[in-house]
Amino acid sequence: MDYSQFLIMKQEIGLLIVFLLVFLYDTFASKKATGVLPAVTCCLFAIFTALGFIPCMGIENDAFEGMYQTSATVTAIKNILNVGMLIVMIQSIKWANSEFQAIRRGEFYELLLVTLFGMYLMISSRHFLLFVIGLETASLPLAAMVAFNKNRYESHEAAVKYILTACFSSAIFLFGLSLVYGLAGSLYYREIAMMVTGSGFGAMIIVALAFVIGGVGFKLSLVPFHLWTADVYQGAPTNVTSYLSVISKGAAAFAFLVILTQAFGTLYSKAWEWMLYGLIILTITVGNLFAIRQRNMKRFLAFSSISQAGYIMLGVIADNAMGTSALMYYILVYIFSNLAAFGVIGAIENNCDKGDMTDYNGLSKTNPRLAFTMMLAMFSLAGIPPFAGFFSKFFIFTSAINQGSTAIYVLVLIALINTIISLYYYLLVVKAMYINTDGECPVGTFKSACSERLAMWICVAGIIIIGLASPIYDYLLTIG
Amino acid sequence: MFSNILIYFVVIPLLMLAGVALSRNIKQIRAVAVVGSLALTTLSVYLLCSYLALRGNGEAMQFVEKWDWFKPLHIQLAVGVDGISVAMLILSSIILLTGSFASWKIEQPKAFFLWLILLSTGVFGFFISVDLFTMFMFYEVALIPMYLLIGVWGSGNKNYSAMKLTLMLMGGSAFLMLGLIGIYYHSAANPADYTWNILEIVKNGSISKGWQYFLFPMTFVGFGVLGAMFPFHTWSPDGHASAPTAVSMLHAGVLMKLGGYGCFRVAIYLMPEAAHDLAWIFLILTGISVVYGAFSACVQNDLKYINAYSSVSHCGLVLFAILMLNTTAMTGAIMQMLSHGLMTALFFALIGMIYGRTHTRDIRLMGGLMKIMPFLAVCYVIAGMASLGLPGLSGFVAEMTIFVGSFEHADWFHRAFTIVACSSIVTTAVYILRVVGKLLLGPVQDEHHLSLTDATWWERTSTVTLILCVAAIGCFPNFFADLIKFTFSPQIFSVLGMN
């Protein structure tokens, strides 16, 4: 075996190095020195993130006879996830240093890095075996992270729910895979694609595909595979929730796109266009309708993120280069918007442990900056210009319509009508903060920690700049 | 980029935003708002002069320029104006100016002016854009501040109204977005030439008739919601009634014009064939707006509701006239946009001033204001006269042109609807005179009102400016008609066989 192949996996190796450094530091540093572990991790990861933008990272190459592949697109999505990951890490510093968590802060960051490694594999794999390894590497540590708040009952409940769904969805996925293997005789994406065109497998391959989509659908919390989402989001520590809602979802969405286009691309019009069509409508609509009724901010964002996943899927159904780039752009924008919202929620929770929407009444008076950040996040999620969310929504709709069929016009119209429903509940948050200022303000004035403020500044800058600065989207489109 | 005069219509509001954000007290904020809007007014008058000098050169639009923005998607920052947009820019800057004066004593001035100026950035950006994407972006920028402006500074049932208004208008823009993306994908024969630029789309003329039948209603309804087209007008009365004075002024005066302007610029300009074939559906709807709005205004007791329904009726007339698809009626439509914008801003300013003194808007609880505050009362009468179409003021010119133009159609359908719409003039007289009689002339209902004072200097500035503009349109109609008419160049409407 040619061991130089490992060198192709530059980003994975870099991530492992960061992981090992953090691990060694955590193990061998004196008790006093571990106090700065979160900051050290952030710095290391920031360097790693910056290295990812070196152009030579994006050279197209594959290793292990095509099991693993890297290209400009793959590097770009990994970079996008890195940026999000970095923000999550910065956001978590205060929480990780808090009284209850301090003893395990090393573990938290290590687990974070391991899950990201799993997601890298999911994105880069061109063979289902590698994909499953990535999927499991990403899922299992996450369950531990969901249970991280040892003292809270909800955290444990959420973790149990998460791990059961993860196992269940893996089982479904693997069952689908076994059918695929039986039919195609290979687990390489390219060989499956060849076999599927070559012969008439009839209904069997469609059944297999349905299981595969169902399995990944759990990860992406597409309706009807979404039932775990709200409970897990609510129970998990806020930083883990924010990680789950953006990074985990973004990686799964991109991996899903790769699987559908590369392994099952030939079945587009025959099978998965219509499956996705139904899933998207259900996901967007159900996510939105349930979000309206939520009173807890984290549950509310859980349903909002379900519906956002539906919009992301519009980039998959477009089935063209424009769709791929619009999907990546959407994930990028979604990372910044959602993390801004979670940043505010986390800051308030760390300070006074409040998380209901009514607790946000009058926030604009007591904490004008937090309220402003939250408002920008809500506007961006709702797709209001001139914030980034508007551009990402517009582009993903444009790319979907590029596909051209009448059905897509109907789908986009349904999605657009849903943006109005979503606007309603996003405005409810704005209303609580800015309009319901007459009564008492449950959250008192406080100064959030430096790290939290830094993370929020990055998010706000991202929300404003990413949309207006066209080169970012242009770049994603050239490589898409 | 900065050599083009039009770009300053966005740059100045952005500078104003920065100025207000940096201001430390209310005086500085007022100064920024007044200086900025004066600069915008001067700029728009200067633009008018240079436009008049340039317009004979055979181009459909002047000061046309474009800069690439999202190049792979052919999205540009493209600007350009014709007579209609110049007229709208003047209107917007005047109303922003008078609106700033009308909110002289607003609470939380900083946040208020930030949102108000953001709103006007959207408005100005919309009127200078000729690129569908940027146009749509500015359109939405103009809509969302309304939510907070009404929600925070409004009165009455403000939560409900603000949410209803925002959701209905955004709902309209959902249809609009689909329509615009659809237009993009049919803007040229070859995918490499797809464009969002209105002028190029007209030149390419490649939207097939079948697609026009789909895209025309999408865009027309999308903009029509903002133009208060029946049955999508219900946001208007509630929204206007709850909004603070300056917001009502800007919203009724300018924002509703975005609807009419968009219907013309996008729906009809780009898809004339479908407009020709489908106009009858929307003529019925807008005809209902005109009559229904006028009748509803007759039975309201809240001053703002009266004026809001009257706006539904008058803005309905704008869309009604646009759909007549001939030069006379369309000129009338744009005149009506100008006239209604100024007149309704004047109304809302006066209502705000009266409400600020009496703390009620119910006409049954007020009376004899002519004795108590003669200046405001006289202004109110002038506004009322303009609204019911007294010659010498703007309303007469606009409505006259519209009805003459509409009657040019020889078929019974158009003529019958013109006659029905004409009846709104009578109804308008009924509700205007009812208010004037009860509010201004009758006996004083509440003796506390006797101690009230008349207008302050900033209120006088605001109202007198508006009255002068209303009178200017009324006295020099030819100038404005010429400005607008010149725009309907033959190349656009040759498809319709329009005269």
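Lettering of chains follows the sequences in order, A, B, ..., and the numbering in each one begins at 1. It should be emphasised that the depicted structure is a prediction, and the values quoted were computed from it without experimental measurement.
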* To do: Provide the closest heavy-atom pair for A:L413 versus B:M218 in the form atom of the first, atom of the second, distance.
  => CD2-CE, 4.3 Å
* Measure across B:P72 and A:D474 and return the closest heavy-atom pair with its distance rounded to 0.1 Å. => CD-OD1, 3.0 Å
* What residue, out of A:L428, A:N436, A:I435, A:I384, has the most heavy-atom pairs lying under 4.5 Å from chain B? -> A:I435
* When A:F391, A:F394, A:F387, A:F379 are compared by non-hydrogen pairs under 4.5 Å with chain B, the top option -> A:F394
* Most heavy-atom pairs under 4.5 angstrom with chain A, which of B:F214, B:W211, B:Y184? -> B:W211
* Structure fact -> Per-residue tally against chain A (heavy atom, under 4.5 Å) across B:V141, B:L143, B:T166, B:N159 peaks at B:N159
Nearest-0.5 Å distance, [atom1] of residue [X] to [atom2] of residue [Y]:
X: B:Y147; Y: A:L423; atom1: OH; atom2: CG; result: 9.0 Å
X: A:S399; Y: B:I181; atom1: OG; atom2: CD1; result: 9.0 Å
X: B:L148; Y: A:K431; atom1: CG; atom2: NZ; result: 12.0 Å

For the [atom1] atom on [X], are there more than 12 heavy atoms of other groups (residues, nucleotides or ligands in this structure) within a distance under 6.0 Å?
X: A:R369; atom1: CZ; result: no
X: A:Y424; atom1: OH; result: no
X: B:Y194; atom1: OH; result: yes
X: A:W457; atom1: CH2; result: no

Is chain A contacted by the side chain of [X], its backbone, both, or neither, given a heavy-atom distance below 4.5 Å?
X: B:M170; result: both
X: B:I144; result: side chain
X: B:Y139; result: neither
X: B:I75; result: side chain
X: B:D68; result: neither

* Asked: Does the ring centre of A:Y409 sit less than 6.0 Å away from the ring centre of B:Y185?
  -> no
* **Ring centre gap for B:W69 and A:Y473 strictly below 6.0 Å** => no
* Take A:I420 and B:M168 through the test side-chain contact (heavy atoms from CB on, under 4.5 Å) and record every step on the way to the result. => CA-CA 9 Å; A:I420 307 309; B:M168 284 192 75; over 6 Å; no
* **Trace of the side-chain contact (heavy atoms from CB on, under 4.5 Å) decision for B:K71 with A:L477** => CA-CA 10 Å; B:K71 209 169 174 196; A:L477 197 57; over 6 Å; no
* Passing option when B:L178 is tested against A:I401, A:I417, A:V410 for side-chain contact (heavy atoms from CB on, under 4.5 Å) -> A:I401
* Asked: Under a 4.5 Å cut-off applied to non-hydrogen side-chain atoms, are B:M177 and A:V412 in contact?
  -> no
* Structure fact -> When the 4.5 angstrom heavy-atom criterion is applied to A:N402 and chain B, the contacting part is both
* Full working for ring pair (Phe, Tyr, Trp, His ring centres under 6.0 Å) between A:F390 and B:F133 -> CA-CA 11 Å; A:F390 169 76; B:F133 177 84; 5.8 Å; yes
